[in-house]
Amino acid sequence: MRLAQIILDIPTQSLDSAYTYAVPDELVDAEVGCAVLVPFGNRQAIGYIVGLEEVDEADPSAFAALGLDPDRIRAVQRVLSRSYFDELGAACAQHMSEEYIAPLCSCVRLFTPPGGVP
């Protein structure tokens with residue numbers, strides 16, 4: 001199972017960390033830097049993939065090591081765009097957020113085209 005670390009495009013300090021979502025097998029074009037549609041609470045939200053990781057579904061200790069409950073992980077619904085940035089861009093956005101005390105999603109947006117996600 002692929003897991004994605006996703007920064008939600010909701011500019012608030014209270015949501016200023018990555019959330020973990022499962023990437024369904026049919027979303028082969030999901031990669032770091034893509035805008036995606038994810039469930040968040042009782043609504044849908046746009047987010048950006050800032051990390052991907054492969055986890056063995058059959059090994060419960062793999063999820064425990066990450067501090068995750070496999071039954072509570074929700075899935076990415078749809079990929080909305082091509083990749084706007086890579087792992088280095090994600091790390092740069094994280095650094096800018098910490099250095100300038102800016103919301104992480106605002107720093108990630110600097111790597112996307114003007115006007116937002118289509």
Side-chain angles (χ1 to χ4, degrees):
M1 166 188 287
R2 282 193 313 162
L3 296 178
Q5 298 298 314
I6 297 177
I7 300 297
L8 298 175
D9 193 12
I10 302 172
T12 177
Q13 293 288 58
S14 63
L15 301 177
D16 207 29
S17 63
Y19 290 83
T20 302
Y21 286 85
V23 179
D25 293 334
E26 63 268 12
L27 297 181
V28 294
D29 54 344
E31 56 187 51
V32 171
C34 289
V36 292
L37 187 65
V38 295
F40 186 71
N42 58 358
R43 64 185 180 134
Q44 295 178 335
I46 293 174
Y48 301 95
I49 299 175
V50 294
L52 284 169
E53 166 175 12
E54 194 71 37
V55 176
D56 182 9
E57 291 180 66
D59 182 10
S61 65
F63 289 98
L66 296 171
L68 299 172
D69 178 359
D71 296 329
R72 300 195 66 205
I73 297 175
R74 299 173 84 180
V76 172
Q77 295 175 335
R78 195 168 86 200
V79 175
L80 301 174
S81 73
R82 62 174 177 74
S83 178
Y84 295 128
F85 54 88
D86 57 10
E87 290 86 3
L88 185 58
C92 183
Q94 179 70 41
H95 173 75
M96 287 189 304
S97 173
E98 293 166 2
E99 184 72 21
Y100 301 106
I101 312 170
L104 186 53
C105 76
S106 296
C107 295
V108 168
R109 276 194 212 147
L110 295 172
F111 292 90
T112 64
V117 175

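Treat the numbers as computed from the prediction; the structure is a model and nothing was measured.
Screening residues 19-40 for ring pair (Phe, Tyr, Trp, His ring centres under 6.0 Å) gives Tyr19-Phe40 as the qualifying pairs, with residues at least two apart or on separate chains.
Other residues, nucleotides and ligands place more than 12 heavy atoms under 6.0 Å from the CG atom of Asp59.
Two different hydrophobic clusters hold Ile73 and Val36 under the rule that ILVMFWY side chains link at heavy-atom gaps under 4.5 Å. Under the 4.5 Å side-chain heavy-atom criterion for grouping Ile, Leu, Val, Met, Phe, Trp and Tyr, Val108 is connected to Tyr100 within one hydrophobic cluster.
When each of Leu52, Val23, Leu66 is tested with Leu3 by the rule side-chain contact (heavy atoms from CB on, under 4.5 Å), just one qualifies, namely Leu66.
Contacts of Glu98 classified as side chain to side chain donor-acceptor pair (under 3.5 Å), with partners at least two apart in sequence or in another chain: Gln94.
Heavy atoms only, all atoms of each residue included: Ala30 and Arg2 are closest at O-NH1, 3.2 Å. Of all non-hydrogen atoms in Ser97 and Ala102, the two that sit nearest each other are OG-O, 2.8 Å. In this structure, Ala90 and Phe85 approach most closely via the heavy-atom pair N-CD1, 3.8 Å. Scanning both residues, Asp29 and Cys34, for their nearest heavy atoms gives O-SG, 3.6 Å. Between Leu104 and Ile7, the shortest heavy-atom distance links the atoms CD2-CD1, 3.1 Å. Counting all heavy atoms, side chain and backbone alike, Ser81 lies closest to Ala35 at OG-N, 3.0 Å.
Note that the OH atom of Tyr84 and the CG atom of Leu110 stand 14.0 Å from one another [nearest 0.5 Å].
A side-chain donor-acceptor contact under 3.5 Å links Arg74 to the backbone of Gly41. In this structure, the side chain of Glu87 does not engage the main chain of Val50 through any donor-acceptor pair within 3.5 Å.
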